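All values derive from a computational prediction rather than experimental measurement. Quick note: numbers below take in every heavy atom, side chains included, and nothing from hydrogens, waters or symmetry partners.
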Amino acid sequence: MKHKEIALAGNANSGKTTLFNLLTGANQRVGNWPGVTVERKSGYLKKDKQLLLQDLPGIYSLAPYTPEELVARKYLLTDRPQQILDVVDATNIERNLYLTLQLLETKIPLVVALNMTDLLKKQGRRINTKKLAYLLGVPVVKISALKKKNIDSLITELKKDEAKEIVYPKYDPRLEAALAMITEQLEGIVSVAEQRFYAIKLFERDEQIQAELQLDAKRREKIAELIKTAEKVFEDDSSSIIINARYDYISHLMDQCVIDEGDFSLSLS
Ligand code: GDP
Ligand code: K
Ligand code: MG
């Protein structure tokens, strides 16, 4: 039987290596990603040899600025693994979810491992995992890779065959209108599953993606016009519009899913 390939993604220091070692044991292959000196590791799950975990470098975004980001996004876009295991540091959830939103934009089925949850109590923070899972539209499993907590539940989630279709996050309606019109320019050029990622990257004027897509002059002009209009509406440059949209989205998620003890004392006083 063919194995299922799962990409292990997350910010640096989110606990990826700890989790990778725990899941794969001695069962690892180490090499390099093609063309760069970024280490590449993969390994079959100790508890299920059908699942191949492909470690990705620690990254904060799928921008084209570092070799690590380029390796990660090239792998996700061209190899399109069957699933992403996104390791999120629960003690730094706002920052970590910034990557999660971008991973959702690839429309690859995703499972969130909410790691470091052993530290949350000390932080005076509670995270409503069920609500977070509902709002993100993907499974969220609270774990501690260090304390080996709840790893079996995570594996159960990874083994499920029927991954739900990914619903990518929707941003400000004015931004969505621009992205919808850019998407029209991509019809027949990228697959439906890839449209969201490419529309956002074009909106950000990602030069690598522009070069990759080789759009004709008419489409390029149309897209340039759409971006300029959006920049006037938002009075901001296009990449900041996207950054702000993502952080607004995360802040909305936090309002709904995170309770800090400080919030209690405030509301009781
Ligand atoms: P990576 O950069 O994502 O590969 O992260 P590492 O696996 O190297 O972990 C970074 C640090 O966090 C190390 O000191 C780990 O021991 C620690 N760590 C990883 N997982 C957990 C966890 O669940 N709880 C706690 N408290 N520490 C963890
Ligand atoms: K590290
Ligand atoms: Mg590591």
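Atom NZ of Lys147 has 12 or fewer neighbouring heavy atoms from other residues, nucleotides or ligands inside a 6.0 Å radius. For Arg29, the CZ atom is loosely surrounded, since the number of other residues' heavy atoms within 6.0 Å does not exceed 12. Under a cut-off of 6.0 angstrom, the local environment of NZ in Lys4 is crowded, with over 12 non-hydrogen atoms contributed by other residues, nucleotides or ligands. Other residues, nucleotides and ligands place more than 12 heavy atoms under 6.0 Å from the NZ atom of Lys46.
The aromatic rings of Tyr247 and Tyr98 sit parallel, their planes meeting at an angle under 30°, below the 60° perpendicular limit.
Under 4.0 Å is where a charged nitrogen must lie from a carboxylate oxygen, and between Lys201 and Glu212 no such pair does. Ion pairing between Lys107 and Glu165 holds under the 4.0 Å rule for side-chain N and carboxylate O. Using a cutoff of 4.0 Å between basic side-chain nitrogens and carboxylate oxygens, Asp48 and Lys159 are scored as salt-bridged. In this structure, Asp172 pairs ionically with Arg174, as a charged nitrogen and a carboxylate oxygen lie closer than 4.0 Å.
With hydrogens and angles ignored, the 3.5 Å screen pairs a side-chain donor or acceptor of Asp237 with a backbone N or O of Ser240. At distances below 3.5 Å, not a single donor-acceptor pair connects side-chain atoms of Arg196 with backbone N or O atoms of Glu105.
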* Verdict with supporting geometry, Gln123 and Asp260, side-chain hydrogen bond (donor to acceptor under 3.5 Å, both in side chains) -> CA-CA 8 Å; Gln123 231 189 6; Asp260 289 310; over 6 Å; no
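Note that Lys170 lies in the cation-pi zone of Tyr168, set by a 6.0 Å cut-off to the ring centre and a 45° limit from the axis.
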